[in-house]
Amino acid sequence: MTRPASSSSRVGATLVATDAGTAADLVADVVGWYDEHARDLPWRAPDRTPWGVLVSEVMLQQTPVVRVEPAWRAWMERWPTPADLAAAPTADVLRAWDRLGYPRRALRLVQCAQAVVERHAGHVPDDEDALLALPGVGAYTAAAVRSFAFGRRAVVLDTNVRRVLARAVDGHALPAPTQTRAEVARAAALVPADDAGAARWAQASMELGALVCTARSPRCEVCPLVSSCAWVAAGRPADQHAHRRRTQAWAGTDRQVRGRIMALLRESPVHVPEPVLDEAWPATPQRARALAGLLADGLVVESQPSPDEPPLYALPA
DNA sequence: AAACCGGGGAT
DNA sequence: ATCCCAGGTTT
């Protein structure tokens with residue numbers, strides 16, 4: 001079956017010819033699959049707002065969908081607009097963030113809300129540079145907001161899309177450990193030229209990576225690309241970069257200590273002196289380092305009730 | 001380019 | 001015990 005080159009989903013740059021078909025075929029196959037298998041997520045609902053999309057993207061930076069969904073619902077009910085979050089006490093925000101991980105993201109989300117209020121009259125911008133200038137918004141999130149919230153053409157290249165393209169096009173088990181310019185250019189060449197087509201491709205390619213072309217156990221038997229996938233055709237060879245991927249340890253790291261301190265302060269209604277932190281982690285140089293880091297990040301504040309008394313620690317007001 | 005930054009569920 | 005997750009920022 002042939003697809004007309006004048007299709008509304010025609011790819012943006014040159015058609016990339018592969019052994020199994022064109023880039024347009026790949027896009028059409030994935031979008032067609034998405035039309036039948038898309039998850040019903042609240043930040044995709046018709047009544048979503050651009051701010052809601054942005055909030056979801058920040059929450060989804062390193063936190064899985066299943067944990068973000070209930071948090072997002074509660075969050076958007078409490079702070080529906082950038083102005084609402086911009087005016088919220090930081091302590092309330094950090095407590096609402098709870099255990100979504102990386103509390104610096106929550107802090108940046110507040111700063112982002114404040115920037116949206118101050119620079120853009122409370123409206124999330126659809127301009128790429130304006131989005132990138134917002135705290136906590138990098139290349140991925142800027143592209144995602146443009147695409148998902150405003151239906152604009154953007155190169156949405158997250159871990160899912162990288163993996164789909166690494167397999168289907170390059171024949172590799174996993175993408176390279178760090179994203180390269182060439183990889184972005186290749187991804188850009190696959191994005192349909194029109195806004196609507198580009199937005200559908202972005203959603204569809206991410207969804208395929210999340211539900212079918214997964215990192216650990218890909219479900220190739222139900223994949224719309226199985227007949228054209230370069231990785232499947234090559235016999236699903238092992239990861240070439242396995243020796244270079246180093247997993248960050250967790251137990252006993254500064255990150256764990258920071259997390260324990262934050263959990264304790266989230267649950268404490270009052271400012272606490274340093275000995276109380278013993279409940280989170282023994283008074284070691286590592287704990288001192290973690291506390292100093294939290295203070296430097298603005299996630300914890302120190303107060304001095306009186307010159308004779310020891311300092312107290314709490315979440316920022 | 002590499003390090004740092006949480007936390008939970010799946011394998 | 002290890003891996004993975006809709007990454008961003010800093011060095």
Side-chain angles (χ1 to χ4, degrees), chain A residues 34 38-39 41-44 52-72 94 97-109 111-112 131-149 154-164 173-181 183-184 187 199 202-211 213-218 239 241-242 244-266 280-281 289-290 292-294 296-299:
Chain A
Y34 179 75
R39 286 171 293 181
L41 299 172
W43 45 87
R44 290 176 180 168
V53 171
L54 200 163
V55 171
S56 78
E57 293 303 334
V58 173
M59 288 184 171
L60 288 162
Q61 292 168 1
Q62 301 290 283
T63 303
V65 167
V66 287
R67 271 200 288 157
V68 165
E69 184 165 352
W72 184 90
L94 291 173
W97 190 261
D98 196 36
R99 293 173 176 263
L100 286 182
Y102 294 135
R104 292 197 297 196
R105 289 188 285 147
L107 213 51
R108 293 193 190 111
L109 189 54
Q111 295 163 352
C112 178
L131 283 165
L132 281 172
L134 297 173
V137 176
Y140 163 74
T141 303
V145 170
R146 267 179 61 78
S147 181
F148 305 154
V155 181
V156 179
L157 192 58
D158 77 325
T159 185
N160 290 304
V161 180
R162 292 189 69 215
R163 188 171 55 246
V164 168
L174 293 171
T178 57
Q179 186 175 298
T180 65
R181 276 169 198 247
E183 190 181 352
V184 178
Q203 287 277 21
S205 53
M206 286 180 58
E207 195 80 338
L208 186 70
L211 298 182
C213 194
T214 56
R216 193 79 71 101
S217 303
D239 175 23
H241 306 284
R244 290 185 48 209
R245 302 185 198 279
R246 297 196 339 205
T247 74
Q248 294 178 313
W250 165 243
T253 61
D254 287 8
R255 280 187 306 158
Q256 185 183 27
V257 181
R258 286 167 57 105
R260 291 273 194 91
I261 294 173
M262 288 299 292
L264 187 151
L265 294 181
R266 279 197 307 267
W281 199 268
R289 189 166 65 241
L294 292 171
D297 287 345
L299 289 165

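All values reported here derive from a predicted model rather than from experimental measurement.
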Q: Taking side-chain hydrogen bond (donor to acceptor under 3.5 Å, both in side chains) as the criterion, tell me which of A/R255, A/Q61, A/Q62, A/R108 meets it with A/Y102.
A: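 That would be A/R255; it is the only one of A/R255, A/Q61, A/Q62, A/R108 passing the side-chain hydrogen bond (donor to acceptor under 3.5 Å, both in side chains) with A/Y102.
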Q: Tell me what A/V137 touches on the nucleic acid: a base, only sugar-phosphate, or nothing, going by heavy atoms under 4.0 Å.
A: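 A/V137: backbone/sugar contact only, no base atoms under 4.0 Å.
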Q: Which whole-number value in Å describes the distance from A/L299 CG to C/dT9 P?
A: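 Roughly 15 Å, once rounded to whole Å.
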Q: What closest approach, in Å, do A/A210 and A/N160 show between heavy atoms, and which atom pair accounts for it?
A: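 Nearest pair, atom of A/A210 first, then A/N160: N-OD1, 3.5 Å.
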Q: Grab the two heavy atoms, one from A/T63 and one from A/R105, that are nearest each other, plus how far apart they are.
A: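 Shortest heavy-atom separation between A/T63 and A/R105 comes out as OG1-NH2, 2.8 Å.
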Q: Under 4.0 Å between any heavy atoms, over every strand shown, what does A/R99 touch: base, sugar-phosphate, or nothing? Just pick one.
A: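 The answer is sugar-phosphate, as A/R99 gets under 4.0 Å only of primed atoms, P, OP1 or OP2.
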Q: Which value, in whole Å, describes the distance between the P atoms of nucleotides C/dC3 and B/dA3?
A: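 The answer is 16 Å between these two P atoms.
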Q: Take atom CG of A/L211 and atom C1' of C/dC4, then tell me their distance rounded to the nearest Å.
A: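 So the two atoms are 15 Å apart, to the nearest Å.
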Q: Name the nucleic acid region contacted by A/G101, choosing base, sugar-phosphate or nothing; use a 4.0 angstrom heavy-atom cut-off, strictly under.
A: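 A/G101: base contact, heavy atoms under 4.0 Å.
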Q: Taking the side chain as C-beta and beyond, is there a heavy-atom pair between A/L174 and A/H241 under 4.5 Å?
A: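 With C-beta onward as the side chain, the pair stays apart.
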Q: Enter the distance from A/R289:CZ to A/L294:CG here, rounded to the nearest 0.5 Å.
A: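 Spacing of CZ (A/R289) from CG (A/L294) equals 12.0 Å.
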Q: Quick test of your reading of the model: are A/E69 and A/R39 salt-bridged, counting only N-O distances below 4.0 Å?
A: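 Answer for the salt bridge query: no.
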Q: Please report, rounded to the nearest Å, how far the P atom of C/dC4 is from the CZ atom of A/R216.
A: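 The distance from CZ of A/R216 to P of C/dC4 comes to 5 Å, rounded to the nearest Å.
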Q: Hey, which of these two, A/P135 or A/R44, hits DNA chain C nearer its 5' end, going by closest nucleotide?
A: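 Between the two, 5'-proximity favours A/R44.
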Q: Compare every heavy atom of A/L157 with every heavy atom of A/A187, then report the nearest pair and how far apart it is.
A: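 That would be CB-CD1, 3.8 Å.
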Q: Which is true for A/A144 with a 4.0 Å heavy-atom rule: it touches a base, it touches only sugar-phosphate, or it touches nothing?
A: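 A/A144: no heavy atom of the nucleic acid under 4.0 Å.
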Q: Rounding to a whole Å, what distance do you find between A/Q62:CD and C/dA6:P?
A: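 It is 9 Å, rounded to the nearest whole Å.
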Q: Measuring to OP1 and OP2 of C/dA6, would you say a side-chain N or O of A/S56 lies under 4.0 angstrom away?
A: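 Indeed not, no polar side-chain atom of A/S56 lies that close.
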Q: For DNA chain B, note the earliest and the latest nucleotide, 5' to 3', having some atom under 4.0 Å of a heavy atom belonging to chain A.
A: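 Taking any atom under 4.0 Å from a heavy atom of chain A, the span is B/dA2 to B/dT11.
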Q: Return the 5'-most residue of the pair A/R104, A/A215 with respect to DNA chain C, ranking by each residue's nearest nucleotide.
A: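 The residue whose closest nucleotide sits nearer the 5' end is A/A215.
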Q: Please state how far atom CG in A/L54 lies from atom P in C/dG7, giving the value in whole angstrom units.
A: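 These atoms are roughly 14 Å apart.
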Q: Checking all strands, does A/W43 fall into the base, sugar-phosphate, or nothing category for heavy-atom contacts under 4.0 angstrom?
A: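 Touches a base.
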Q: So A/A210, base contact, sugar-phosphate only, or nothing? Heavy-atom distance under 4.0 Å.
A: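 No contact.
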Q: Write down the distance between CG (A/L132) and C1' (C/dT9), rounded to a whole number of angstrom.
A: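 Nearest whole value for this atom pair: 13 Å.
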Q: Applying a 4.0 Å non-hydrogen cut-off, can you work out what A/P103 is touching in the nucleic acid: base, sugar-phosphate, or nothing?
A: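 It contacts sugar-phosphate atoms only.
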Q: In terms of the nearest nucleotide of DNA chain B, which residue is placed more toward the 5' end: A/L100 or A/Q179?
A: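 Counting from the 5' end, the first nearest nucleotide belongs to A/Q179.
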Q: Expressed in angstrom and rounded to an integer, what is the separation of A/D239 atom CG from C/dC3 atom P?
A: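 That distance rounds to 11 Å.
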Q: At under 4.0 Å between heavy atoms, what does A/L41 touch on the DNA or RNA strands: base, sugar-phosphate, or nothing?
A: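 Since a base atom lies under 4.0 Å of A/L41, the category is base.
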Q: What distance separates A/L264 CG from A/W281 CH2, expressed to the nearest 0.5 Å?
A: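 The CG atom of A/L264 sits 13.5 Å away from the CH2 atom of A/W281.
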Q: Report yes or no: do A/Y140 and A/E57 form a side-chain donor-acceptor pair below 3.5 Å?
A: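 Side-chain D/A pair, A/Y140 to A/E57: present.
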Q: At 4.0 Å (heavy atoms only), tell me whether A/T159 reaches a base, stays on the sugar-phosphate, or touches nothing.
A: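 Sugar-phosphate, backbone atoms only, no base.
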Q: What's A/R163 touching, base or sugar-phosphate or nothing? Going by heavy atoms closer than 4.0 Å.
A: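 If one applies the 4.0 Å heavy-atom cut-off, A/R163 turns out to touch the sugar-phosphate alone, with no base involved.
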Q: Taking atom P in both C/dA6 and B/dT11, what distance in whole Å separates the two?
A: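 Straight-line distance between the two P atoms is 14 Å.
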Q: How far, in whole Å, is B/dG6 from C/dC4 if one measures between their C1' atoms?
A: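 It comes out at 13 Å once rounded to the nearest Å.
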Q: Using whole Å, what does the distance between atom C1' of nucleotide C/dC5 and atom CE of A/M206 come to?
A: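 Whole-Å distance recorded here is 11 Å.
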